[in-house]
Structure formats: structure tokens, C-alpha cells
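One structure is given here, and the rest of the page talks about it.
When a ligand or atom number is given, it counts from 1 through the structure's own listing order.
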Amino acid sequence: MNDRAALNPDTFPEPSTLEVLILPHDLRKRVTQIAEAISHDYANEVVWLVGVLKGAFMLTSDLARNLTIPCQIHFVQASSYGSGKESSGQVQLDNTLDVSGQHVVLIEDIYDTGNTLKRVLRDLRQQNPASLEVCTLLDKQGSEKHPVEVKYLGFEIPKRFVVGYGLDYAERYRELPYIACLD
Ligand code: 5GP
Ligand code: MG
């Protein structure tokens, strides 16, 4: 993408013009509740938070700082979207972790088709973790989904294309402290 496209308001509208779906206050409240649930469920353990880059970086760090139990923080890199708004269905995974014998909470930004979660879960399961659960900030309603059991869920959202709080469009908007719609 050239510099002109990167600055074009038709391609990348000003954040202040976007429809806000979830406010910072509501994100904070829900993430704190999830951190409390994880702290409770893994009391006396060291939990491994495994975030899926890049979308889950903000959720992973906010969860970590609200835990009241010890944790390790790790990331795997998965991408299925490229720079468009529709899932390509092809998941690229870069995972050099070894989670064998660990209590793992896999952290994803959004459960849309479940392609990404299914792929990462398969990979992690093969390494025989002591336990493996899924946390996702958003669950997009109305998508055709691979069934995935989500233990810790932030919010159900309508079938919109959203950005912010880690989620991007062509690498933009990840820094927004709220979730907004781009469609
Ligand atoms: P899935 O594999 O479940 O179809 O999609 C999961 C991945 O697609 C997410 O990790 C996220 O990167 C991307 N994705 C799905 N829906 C959206 C959306 O509404 N906005 C953004 N920015 N990314 C999305
Ligand atoms: Mg993602």
C-alpha cells in the first residue's frame, strides 16, 4: 500500500467517525471479570496465557495484569485474514512453543468461523498440555462456525467487521481502546 492510500479517509476513516460497539469502560469491566474467573479456576497453578498474535496482544496483557495468580505469557502467530475484511479460510500458524504438561489458556481476539482456533488448538493439543481452555474477547454471531468450546467469553457481537483493542484493518486501528465497527 502506498503512502497516499494509507492516508486516504475512504480507506481508513478517522476513528472518531466510527460507530463504537464496546466502550473502554465495558471492556475493562469484562476483562477484569474474566481475569478473576481464571485466577479462581487456576488457583495454586501457574497458568500459561497463550495469545494469538497480533489481535490478542491487548487482551492478553490486560488479562495478565489483572490476574492474582502467577502466569507465563506466550504468543503464537496465526493469520487468516490478510488485509481484507473476509476470512481467507487458510490459516498460517507460527508456533514454536512447547506447552506439554502446562495449564494453558489460549487467548484469541474474535471467534468468527473458528478456523483459527481450530488450527491452533489442534497444534497445542498434540503437545499434551495438562489442560487447555479457550478465552476469546468476541464471538461473532451468525457466522458459520467450526464448533469450539469457549470457556471465557467477553462479548457476543453481531456479524459486523470490527476494529480496535488489538483488532486491525490492514494493520490499522489496533491501538484503539474500544471496539468499533468499520462496515
Ligand atoms: P476465524 O478464523 O474464526 O474465522 O477468524 C478469526 C480471525 O479472523 C481473528 O483472529 C481475526 O484476526 C480475524 N477476524 C475475524 N473477524 C474479524 C473482524 O470483525 N475484525 C477484524 N479486525 N478481524 C476479524
Ligand atoms: Mg487474529
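Of all atoms in ligand 1, numbered sequentially from 1 with element shown, those under 4.0 Å from a heavy atom of R160 are 19 (O). Near K140, the atoms of ligand 1 lying under 4.0 angstrom from a non-hydrogen atom of the residue are 16 (N), 17 (C), 18 (C), 19 (O). Of all atoms in ligand 1, numbered sequentially from 1 with element shown, those under 4.0 Å from a heavy atom of T113 are 1 (P), 2 (O), 3 (O), 4 (O). Numbered from 1 in the order shown, with element, the atoms of ligand 1 that lie under 4.0 Å from a heavy atom of D168 read 21 (C), 22 (N).
No N or O atom of L117 sits closer than 3.5 Å to an N or O atom of ligand 1. By the 3.5 Å distance cut-off applied to N or O atoms, V162 is counted among the residues near ligand 1.
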Would you give me the side-chain donor-acceptor pairs under 3.5 Å for residues 117-128, sequence neighbours excluded?
| residue | atom | partner | partner atom | Å |
| --- | --- | --- | --- | --- |
| R119 | NH1 | D123 | OD1 | 3.4 |
| D123 | OD2 | N95 | ND2 | 2.8 |
| Q127 | OE1 | V99 | N | 2.9 |
| Q127 | NE2 | L97 | O | 2.9 |

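Using modelled atom types, one side-chain atom of K140 and one backbone atom of R160 make a donor-acceptor pair closer than 3.5 Å. K145 places a side-chain N or O within donor-acceptor distance of the main-chain N or O of Y111, the cut-off being under 3.5 Å.
In this structure, a donor-acceptor pair under 3.5 Å is present between the side chains of R65 and S61.
Within the structure, ligand 1 lacks Y169 among the residues with a heavy atom less than 4.0 angstrom away. Not a single heavy atom of G55 lies less than 4.0 angstrom from ligand 1.
At a heavy-atom distance under 4.0 Å, atoms from both the backbone and the side chain of T116 approach ligand 1. When non-hydrogen atoms are compared, ligand 1 lies under 4.0 Å from the side chain of E108 (C-beta onward) but not from its backbone.
Below 30°, between 30° and 60°, or above 60°: for Y169 and F161 the angle between ring planes is above 60°, a perpendicular geometry.
At a threshold of 4.5 Å between non-hydrogen side-chain atoms, the residues L63 and Y152 do not count as touching. A heavy-atom distance below 4.5 Å is not found between the side chains of I69 and E45.
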